[in-house]
Amino acid sequence: MKKLMLIDGSSVLYRAFFALPPLMNSKGTRTNAVYGFMMMLFKVMDDYKPDYIAVAFDVKAPTFRHKEYDAYKATREKMPDELSCQIPILRDILSALNIKIIEVPGFEADDILGTVSKQAEKNGLETYIVTGDRDSLQLVSKETRVILNKKGMTDVEVYDYDIFRDRYGITPSEFIDLKGLMGDKSDNIPGVPGIGEKTALELIKEYGSVNEIIKNVDRIKNKRVREAIANNVDKALLSKRLSTIIRDMPIEFDIEEYTVKEPDKKRVRAIFEELEFKSLLDKVSKDDTAPNVDRVVYRVIDNVDDFNEYISGVERIAISFKVHEDGLAMTSLSSQEKGTVFLPLYRLDDSMKYALYKLLSNENIKKSGHNIKRLLNFAISEGYKPANISFDSAIAAYLINATESEYIIRQIAKDFLNRDILDDSIFGKGRNRTDFHNVEEEMLNQLLGEEAEVIGQSEPLMREKLDELSMDRLFNDIEMPLVMVLADMECTGFNIDRNELLRLDSEFTEQLTSITKEIYNLAGEEFNINSPKQLSHILFEKLGLPVIKKTKTGYSTDAEVLEELAPQHDIVAKILEYRQISKLKSTYIDGFIKLTEKSAKIHTSFNQTVTATGRISSTEPNLQNIPIRTDIGRQIRKVFIPSDDKHVILSADYSQIELRVLAHLSSDENLIGSFIAGEDIHTRTASEVFNVPIDKVTPEMRRSAKAVNFGIVYGISDFGLARDLRIPREVAAEYIRSYFKRYPQVKEYLDECVKKAKELGYVTTIMNRRRYVPEITSKNRNIRMFGERIAMNTPIQGSAADIIKIAMVNVHKKIKDFKSKLILQVHDELIFDVLKEELDEIKEIVRWEMENAVNLKVPLIAEIKYGNNWYDAK
DNA sequence: AGCTTCACG
DNA sequence: ACGTACGTGAAGCTG
């Protein structure tokens, strides 16, 4: 059944005005009523998805009710100016939304709703009346429902026939009789004095309509009520007449005129922007997954000849693509010279894919894409060598603002081209995606085509922005070349010793079973050790151990807490041990067993656009957090082996890169001196902080100094240092004071970072990578201090990230004709699979490229080790 | 989906 | 009087 939605515009607007605080835009225009109206409108349209819609308004002219009864609505105050000035705005929006407004002089909005809904009932439509006025409840029927909006604007009460009967015990048409007896204060309808809702309902239930009640007035038992009615027959009849909504206005309505149409999005957006309706703006733009009349269907290319014809004479091609079930499903190409085309690869033979890979490898044509590494991987695995990959819009957007949660083409279209394109969410994220085979090809064609066009058209604008921010070199010479480096690394993969893996699995499983038993014995019952909740119950309730720390949801049981509790009960140490092994097994052993079922090699994905500082991250699996800090964890590195026995694993890591970067950035003479002297930096720091000669530094002092150095890099606080070293805060504060006394320019530099962030709103790295720090102006002290630590840490961490990226690009270029391969990056460390014959040469290339990636005020040192697995490369 | 915990630099 | 070290990703539990 088709649905008609009728909105009592006057009533909803009024409600909204009084329900919401007096919002205005920055120009001082009052917007609350319009805002509330729109919230309501979008909600009901979303919830009920009507086929027809119209909004009715009262017109100023007096209605028959005024003529009949002078006092009608006489007590109502004049509409405030703050509200009346919003009416033209609302009309404007409704017109942009292509929603019909109905108004008829001499009738109220109610009457229009009544008349139109009656005609709708005759035509077999399901009608929804949206209003804030309970009077309209009289219109409820089997076909017509009333949606009453309440205070909150978006919470509503829906009345259908049955709900109404349940609530009032009378029929909707008897609701008018109820009004006739009770009257209505707000409309100044008198009703029968002395009769309220309760009495009125009883009378109607017993006798029916007002007429019947009057006829039977003598039979009313209660004297007070009987006399009230008998003395006010006229008033009752008048009140009923005034309350009766007209359902047969002498006007024909053509329902077809109310068909829901595509809104004029541009206009709606312009108005919402003017009114500063930010959340509503998103709604308008988000909801356009529906095919748009204006959208173009692009030319389809389905054979290699046409493909080659398309790419001939083209200088630069923008490529969009979609992957499905781990295969390349489709792509669109867009170029200035030849326009935009769609390649439905999923239904074409493989020659089309190869033609595409060949294009990717064509040195004479520049390629642009969005997260293009994903596409390169397909070509590389088929043996192609992509070349001239010159622009990635995701990376450009990331450099422009590194703290966005995601970088999608749709957003770039909006930000740089002010264009709305189709939503690609049908492809979903990760595993929850719909099968595109269920989607019309025309839709896919439009979607991919728009994306390719946007990549191509936004490129010059994004490049301009990068130039303006002085990040053109970072983009062109570091990040873009790095795309190919990472793609190669991902495709090469890390070889895994499955037997060793399975051996570790049974070893860990065995240990886990035995520890589990011991824990159950000590606890006196079995429980899920992995559940912090159940564990809390055992530790803090059953065993009565003291609560050290609380979390949002309960008691904390983290390692820090457990270490403190360990002396009090034997179970605690066992739990720590269980935790450690269980973590190692589930994350690494079980995870890698799954990943090596098909092939011995594991291929991580590097993400170049997630971290706020410029580091890269690694997922599925994360190979940047393979255990090393504990002996037992470190065993896991034994499963990471060279590609064959002619190769070794080589690890090259920067020694103290962050502190060296700090020495450079701060120009601190003492710190620079330490590095030039080539001393152990933590020992030297200890000697400075504790004021003892280098040879009098104890291991304990060195340990403390190391923590101080970490603290400096993280944006130090005495609290953090105190917690890390488990010393009183005052002592930690003293360490920090004495550190800064010895390294005064470090102090100056860190202050400078904070000052810069406050003044400019951002901080930068040596390669001009930028991070905005909005936290630094927060009124909340914690957030603000967090901002200060970000301002201190980001230039250090980010510059180190810049440096290793440069080294990666340079090394990759140098070793491209070797058999040895770069396979992993772990922030300050590069891992290679090195052919033994090439070992000496590779060692020197890697060392030189890492140490000379940039020229700092201190030397950069790379430490190189190798072995028959990652564990032995130490 | 959010929280807790813990693996890494 | 408050409550903090910086940057990540994955697993398991819970609502």
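These values consider heavy atoms only, across backbone and side chains, with no hydrogens, waters or symmetry-generated copies. For clarity, every value in this text was computed on a predicted model and none was experimentally measured. So that the names make sense, note that chain A is the first sequence line, chain B the second, and so on, each numbered from 1.
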Could you tell me the separation between the CG atom of A:Asn780 and the C1' atom of C:dA1, rounded to a whole number of Å?
13 Å

Just how far, in rounded Å, is P of B:dC8 from CZ of A:Phe592?
12 Å

Across the strands shown, which category fits A:Thr619 at heavy-atom distances under 4.0 angstrom: base, sugar-phosphate, nothing?
sugar-phosphate

For B:dT5 and A:Thr557 - does any side-chain N or O of the residue sit under 4.0 Å from the phosphate oxygens OP1/OP2?
yes

Assess the residue pair A:Asn401 and A:Thr403 against the criterion (side chain to side chain donor-acceptor pair (under 3.5 Å)); give the C-alpha distance rounded to whole Å, side-chain angles, the decisive distance to 0.1 Å, and a yes or no.
CA-CA 6 Å; A:Asn401 183 353; A:Thr403 48; 2.8 Å; yes

Are there more than 12 heavy atoms of other residues, nucleotides or ligands under 6.0 Å from atom CZ of A:Phe690?
yes

Counting just side-chain N and O atoms, does A:Thr587 come under 4.0 Å of either OP1 or OP2 of C:dG9?
no

A:Leu623 CG to C:dT8 C1', in whole Å, measures 14 Å

Complementary nucleotide of C:dA1, counting Watson-Crick and G-U pairs under 3.5 Å
none

Need one value for A:Lys552: base, sugar-phosphate or nothing, where a base atom within 4.0 Å counts as base even if backbone is also close, heavy atoms only.
sugar-phosphate

Within the 3.5 Å criterion, strictly below it, is a donor on A:Lys638 or A:Gln635 matched to an acceptor on the partner's side chain?
yes

Tell me whether the OP1 or OP2 atom of B:dC6 has a side-chain N or O from A:Arg579 closer than 4.0 Å.
yes

Across the strands shown, which category fits A:Ala612 at heavy-atom distances under 4.0 angstrom: base, sugar-phosphate, nothing?
sugar-phosphate

For a quick test of reading the model: is some side-chain N or O of A:Thr611 closer than 4.0 Å to OP1 or OP2 of C:dG7?
no

Evaluation steps, salt bridge (Lys or Arg N to Asp or Glu O under 4.0 Å), between A:Glu518 and A:Lys574
CA-CA 8 Å; A:Glu518 293 181 68; A:Lys574 291 289 167 199; 3.2 Å; yes

P atoms of B:dT4 and C:dT4, separation to the nearest Å:
12 Å

Over all strands shown, is A:Ala801 touching base, sugar-phosphate only, or nothing at heavy-atom distances under 4.0 angstrom?
nothing

Round to the nearest Å and state the distance from A:Arg781 atom CZ to C:dT4 atom C1'.
9 Å

Just by modelled atom types, is the A:Arg503 backbone N or O under 3.5 Å from a matching donor or acceptor in the A:Ser506 side chain?
yes

What is the distance from CG of A:Asn793 to C1' of C:dG7, rounded to the nearest Å?
7 Å

Does any N or O donor sit under 3.5 Å from an N or O acceptor when you compare the side chain of A:Arg789 with the base of C:dT4?
yes

What nucleic acid atoms does A:Phe719 come within less than 4.0 Å of, heavy atoms only: base, sugar-phosphate, or nothing?
base

Which nucleotide sits closest to the side chain of A:Tyr714: C:dT8, C:dC6, B:dT5?
C:dC6

Quick one: does A:Asp668's side chain have a donor or acceptor within less than 3.5 Å of a partner on A:Gln745's backbone?
yes

When all nucleic acid strands are considered with a 4.0 Å heavy-atom cut-off, which category describes A:Ile628: base, sugar-phosphate, or nothing?
sugar-phosphate

Taking C:dG3 as the reference, what is the distance to B:dA7 when you measure between their C1' atoms (whole Å, please)?
26 Å

Does A:Ser582 make a side-chain N or O approach to OP1 or OP2 of C:dG12 shorter than 4.0 Å?
no

Donor-acceptor side-chain pairing of A:Thr683 and A:Asp680 below 3.5 angstrom:
yes

For a quick check of understanding: with a heavy-atom distance under 4.0 Å over all strands, which category does A:Tyr588 fall into, base, sugar-phosphate or nothing?
sugar-phosphate

Under 4.0 Å, heavy atoms only, any strand: does A:Thr794 hit a base, just the sugar-phosphate, or nothing?
nothing

Check whether any side-chain N or O of A:Thr613 sits under 4.0 Å from OP1 or OP2 of C:dC6, and answer yes or no.
no

So if I take every side-chain heavy atom of A:Gln797 and compare against B:dG9, C:dG3, C:dA5, which nucleotide ends up nearest?
B:dG9

If you look at every strand shown and take non-hydrogen atoms under 4.0 Å, does A:Ile626 touch a base, only sugar-phosphate, or nothing?
sugar-phosphate

By the 4.0 Å heavy-atom rule, please label A:Val826 as base, sugar-phosphate, or nothing.
sugar-phosphate

What does A:Ala722 touch in the nucleic acid at a heavy-atom separation under 4.0 angstrom: a base, only the sugar-phosphate, or nothing?
nothing

The nucleotide from C:dG9, C:dA5, B:dG9 with an atom nearest the side chain of A:Asn625 is C:dG9

Separation of C:dG12 C1' from A:Asp558 CG (nearest whole Å):
16 Å

Just N and O in the side chain of A:Asn528: are any of them under 4.0 Å from OP1 or OP2 of C:dC13?
yes

Is there a side-chain contact between A:Arg615 and the phosphate of C:dT8, meaning an N or O under 4.0 Å from OP1 or OP2?
no

Is the phosphate of C:dG15, meaning OP1 or OP2, less than 4.0 Å from a side-chain N or O of A:Lys533?
yes

Reckon A:Arg629 has a side-chain N or O less than 4.0 Å from the OP1 or OP2 of B:dA7?
no

May I have the distance from A:Phe640 (atom CZ) to B:dC8 (atom P), rounded to whole angstrom?
12 Å

Hey, is the side chain of A:Arg771 poking within less than 4.0 Å of OP1 or OP2 on C:dG7, counting only N and O atoms?
yes

Position toward the 5' end of DNA chain C (nearest nucleotide), A:Asp724 or A:Asp590:
A:Asp724

A:Arg723 side chain reached by A:Glu560 side chain, heavy atoms, under 4.5 Å:
yes

